[in-house]
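The first residue of the sequence shown is numbered 1, and numbering continues consecutively from there.
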Amino acid sequence: MPITNQEVQNQLELILNASNFNASDRLKKFFRFIVEETLAGNAGQLKAYTIATTVFERRADFDPLHYPVVRIETAKLRNRLMEYYFSAPEPGPVRIEVPKGGYVPIFSRIGKALEDSPPGEHPPGSPKTQALAQIAIAVLPFTNLSEDPDDLHFIEGLADETTLALTRFEDLSVVSSYAARCINPSAEPLSVIAQKLSVRFILHGSAQLHNNHIRLRAELADAATGTNIWAERFDAHIGNRNPFAVQEEMAQRMVSRVGDSFGSIRRKLMQELSCREYEHLEFYETMLSYHNWMPTFNRELFLHAKQSLEQLVLASPNNPMVVATLADLYASDYQLGYNTVPSALDKAQEFALRAIAIDGTSQTAYWALALNFFLRRNMPQFEKAIAQVIPLNPANSYMILATGLLIGLSGNFDEGIALMERCRELNPSSPGWGRIVPYLKYYLAENFEPASNEALLVNTPGCFWDPLLRAAAFGQLDKTEEAMEAANELLALQPD
């Protein structure tokens, strides 16, 4: 049944008068304005300039390109609406949302899916699934190609385990297994399924069991383009192994390639991000600017990410992922010698602890805290914090790689290298800076030839560590020309 204007108006008044809609008078005025203008047929006029001059009483010469007040207030409104629908005991029959990329609200009916969801699971569009991210993914039931119908239980469990593994990535929204099982992948096009589930990405495929061996063929579809952006085949031998362990292992390998910081979703979105103006990023694009910096340690990309995250924290001060990410950036400012943040380690520790207070399961927050203790040379506290990181998401290859780096730099080379090998096993697309640990192991043992080979694999040209390692190894090998070339690169990056 279509939603009437009166139903939307009633829902608007219900939200505005709710005690748990924690919004300022100005934000409430803004909310009323965009809803009522949309109901009046004026959605096409909801631009940043119009809102700034009409709602926020800015002067006629207001320039929305240089003053992000409307974008900041819109981000606040999205968060307040999310909190309202998550916490209100009776939120009302209509959901009002303001999608990314604009200021026009959309209206949908809250159906029985929310009421019928099993405990701990949430249907598409629910506040929980939108709490941390705007990019959503669904895992459809894998098609059973086995001759034995009893194998269906194992294959269904594999899809459920994959869904669970994806939910551990803090900035992905994942449709619940309950909602996905209601979909027949062969009955309609993926574009229609994506629209029904309110997702952009769909993970689907087929599985076959034969003689205690399972073969899984998985594909990731992008509903925005109608194309598959990733496909891979996974094989595993079950034998006498616990079938649940096999499911978990296959799910971790799959989701690392899809949802990880180096995965297909991030790579696809970062390609799109490269065509955007950094000054005009919204929530998820801001988080992507951080992911864009991580593999390269490029200083310019770092400055873009830091500036965007600092604005986003003002709009989302209680979002643990945002707060923890800024903590990581501040610690990295000190670690990499950018020196753009006064008292960087103090600020980084403050934000890391704040993020943990908001969400004690935030992997990014514990990582940022561990990095902070490491840089302060507080090794007992570092060991406690770093031990928390990987168990919070064992499929996050970036966190495995970063953890391995710090453990290796703390002197435990073999454990650090083992973690880096685990990272490459989960996701071969990991960046080269993980080679720093095996380089140091070889170099300190005066095995300079293999150290120079590792230095060439670092391949992080925007970071001073890359030419520094090459200059040192080549110098020890009396390869003067290569050493001087690397030293000149180093001085170009760090003239002091």
Of all the heavy-atom pairs spanning Val255 and Ala395, show the shortest one and how long it is.
-> CG2-CB, 3.6 Å
Answer yes if the ring centres of Tyr442 and Phe448 are under 6.0 angstrom apart, and no otherwise.
-> no
Closest heavy-atom pair and its distance - Val139, Ala159 | CG1-O, 3.9 Å
Between Ser256 (side chain) and Gln252 (backbone), is there a donor-acceptor pair under 3.5 Å?
-> no
Going by heavy atoms in the side chains, are Ser430 and Asp260 under 4.5 Å from each other?
-> no
Answer yes or no: is there an ion pair linking Arg470 with Glu489, defined by an N-O contact shorter than 4.0 Å?
-> yes
Going by the angle between their ring planes, with limits at 30° and 60°, are His237 and His213 parallel, tilted or perpendicular?
-> tilted
Check step by step if side-chain contact (heavy atoms from CB on, under 4.5 Å) holds for Trp465 and Thr460.
-> CA-CA 8 Å; Trp465 278 102; Thr460 311; over 6 Å; no
Measure across Arg257 and Asn427 and return the closest heavy-atom pair with its distance rounded to 0.1 Å.
-> CA-ND2, 3.9 Å
Is the side chain of Gln247 donor-acceptor paired with the backbone N or O of Phe154 at a distance under 3.5 Å, no angle test?
-> yes
Side-chain touch Phe382/Arg377, heavy atoms, less than 4.5 angstrom | no
Does OH belonging to Tyr334 count more than 12 external heavy atoms closer than 6.0 Å?
-> no
Report yes if some heavy atom in the side chain of Arg168 is under 4.5 Å from a heavy atom in the side chain of Asn396; otherwise report no.
-> no
Would you say the side-chain atoms of Asn412 pair up with the backbone N or O of Glu415, donor to acceptor, closer than 3.5 Å?
-> yes
Considering only NZ, NE, NH1 and NH2 on the basic side and carboxylate oxygens on the acidic side, decide whether Glu425 and Arg422 come within less than 4.0 Å.
-> yes
Hey, mind stepping through Ile386 and Phe373 against side-chain contact (heavy atoms from CB on, under 4.5 Å) and telling me if it holds?
-> CA-CA 9 Å; Ile386 203 70; Phe373 286 135; over 6 Å; no
salt_bridge(Glu249, Arg241) N-O dist < 4.0 Å | yes
If you look at every heavy atom in Ala221 and Leu190, which pair is closest and at what distance?
-> CB-CD1, 3.7 Å
Exercise: do Gln349 and Arg376 side chains pair donor with acceptor under 3.5 Å = yes
May I ask you to test the Ser177-Glu156 pair for a side-chain heavy-atom distance under 4.5 Å?
-> no
Going by distance alone, is a donor N or O of one side chain under 3.5 Å from an acceptor N or O of the other, for Gln381 and Asn378?
-> no
Going by atom types only, do Gln476 and Tyr443 share a side-chain donor-acceptor pair under 3.5 Å?
-> yes
Heavy-atom count around Gln195 CD within 6.0 Å, excluding the residue itself: above 12?
-> no
Backbone of Ala207 reached by a side-chain donor or acceptor of Arg215 within 3.5 Å | no
Close side-chain approach of Val258 and Ile137, heavy atoms under 4.5 Å | yes
Considering all heavy atoms, the nearest Thr162-Leu158 contact = OG1-O, 2.8 Å
Minimum heavy-atom distance between Met250 and Leu216, given as atom pair plus value = CE-CB, 3.8 Å
Could you walk me through whether Leu375 and Leu371 pass the side-chain contact (heavy atoms from CB on, under 4.5 Å) check?
-> CA-CA 6 Å; Leu375 295 173; Leu371 175 60; 4.0 Å; yes
May I have the step-by-step check of side-chain contact (heavy atoms from CB on, under 4.5 Å) for Phe201 and Ser264, ending in yes or no?
-> CA-CA 10 Å; Phe201 297 99; Ser264 300; over 6 Å; no
Is any side-chain heavy atom of Phe302 closer than 4.5 Å to a side-chain heavy atom of Leu336?
-> no
Are side-chain heavy atoms of Leu419 and Ile390 found at a separation under 4.5 Å?
-> yes
